[in-house]
Amino acid sequence: MTRQEIIIIAAVAINRTIGKDGRLPWQDIAEIRHPDMQRFRELTIPHPVIMGRKTYDSLPNKYKPLPQRQNIVLSKDAAFLPSEVLVAHSLEEALEKA
C-alpha cells in the first residue's frame with residue numbers, strides 16, 4: 001500500500017465553534033473571510049478535498065464543486081449521488097478515492 005500524507009485543515013473561532021447553521025462564524029466579516037478562503041484555496045489546489053455532505057451543501061452553488069480539486073463528499077445517504085463529485089460512505093473509502 002502506498003503511504004499518503006493526510007493534512008487536516010480546520011478553522012476554529014475563539015469559542016471553538018467551527019460553524020453553525022451551515023455558515024462560518026466569521027462569514028459576515030469580509031476582512032477575515034476573504035484571506036481565510038484564499039489561504040484554504042492556496043493550500044488545497046490541486047489536492048483532493050474530503051468534506052462532509054453538510055459542508056458540501058453549505059457551499060455556494062458557484063463554488064460547487066470546488067474548482068481545480070477532486071471533491072470527495074462523505075455521506076451515509078446512498079441516494080446522495082451528485083454527478084460533479086465523488087461520494088464516499090466511510091472515511092476509509094474517501095481516502096481510497098483520494
Side-chain angles (χ1 to χ4, degrees):
M1 181 175 172
T2 304
R3 182 183 167 122
Q4 61 185 353
E5 182 178 37
I6 299 170
I7 299 172
I8 297 172
I9 300 172
V12 181
I14 198 165
N15 65 354
R16 298 186 180 175
T17 302
I18 61 170
K20 183 176 182 192
D21 300 327
R23 294 173 49 90
L24 296 172
W26 49 88
Q27 190 159 331
D28 297 325
I29 307 171
E31 59 270 11
I32 296 173
R33 183 185 71 245
H34 291 304
D36 185 52
M37 294 290 117
Q38 182 61 36
R39 178 76 173 140
F40 179 79
R41 181 179 163 86
E42 290 168 359
L43 289 171
T44 59
I45 289 176
H47 308 288
V49 176
I50 299 171
M51 68 189 94
R53 186 200 45 84
K54 289 183 182 181
T55 297
Y56 177 76
D57 288 345
S58 74
L59 296 175
N61 284 334
K62 69 180 182 177
Y63 297 116
K64 286 183 187 177
L66 294 174
Q68 301 175 41
R69 290 155 277 194
Q70 179 185 51
N71 290 229
I72 304 167
V73 180
L74 281 166
S75 177
K76 295 177 186 176
D77 183 357
F80 179 75
L81 297 169
S83 60
E84 66 273 8
V85 301
L86 295 176
V87 178
H89 301 289
S90 69
L91 180 57
E92 293 78 16
E93 182 183 355
L95 292 171
E96 287 175 18
K97 291 182 180 210

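These numbers come from a predicted model, not from an experiment.
- Each of I45 and F40 belongs to its own hydrophobic cluster when Ile, Leu, Val, Met, Phe, Trp and Tyr are linked at side-chain heavy-atom distances under 4.5 angstrom.
- The NZ atom of K97 sits 9.0 Å away from atom CD of Q70, with the distance rounded to the nearest 0.5 Å.
- At most 12 non-hydrogen atoms from other residues, nucleotides or ligands lie less than 6.0 angstrom from CD1 of I14.
- F80 and I72 fall into different hydrophobic clusters, where Ile, Leu, Val, Met, Phe, Trp and Tyr residues are linked whenever their side-chain heavy atoms come under 4.5 Å apart, directly or through other members.
- When side chains are defined from C-beta on, M51 counts as touching L59, because their heavy atoms get closer than 4.5 Å.
- What you find for A98 and P48 is that their closest heavy atoms are O-CG, 3.7 Å.
- One distance of note links CD1 of I9 with CG of L43; it measures 4.5 Å at 0.5 Å rounding.
- Atom OG1 of T55 is separated from atom CG of N71 by 11.5 Å, given to the nearest 0.5 angstrom.
- There is no side-chain donor-acceptor pair under 3.5 Å between D77 and S75.
- Using a 4.5 Å cut-off between side-chain heavy atoms of Ile, Leu, Val, Met, Phe, Trp and Tyr, with links allowed through other members, I6 and L74 fall into the same hydrophobic cluster.
- Among all heavy-atom pairs drawn from P67 and R41, the shortest one is CG-NH1, 4.1 Å.
- Of the inter-residue distances, the one linking L86 atom CG with I50 atom CD1 reads 10.0 Å to the nearest 0.5 angstrom.
- R39 CZ: 12 or fewer foreign heavy atoms inside a 6.0 Å radius.
- Of the inter-residue distances, the one linking R53 atom CZ with K76 atom NZ reads 10.5 Å to the nearest 0.5 angstrom.
- Summarising the geometry of K64 relative to Y56, their closest heavy-atom pair is CE-O, 3.0 Å, with the distance given to 0.1 Å.
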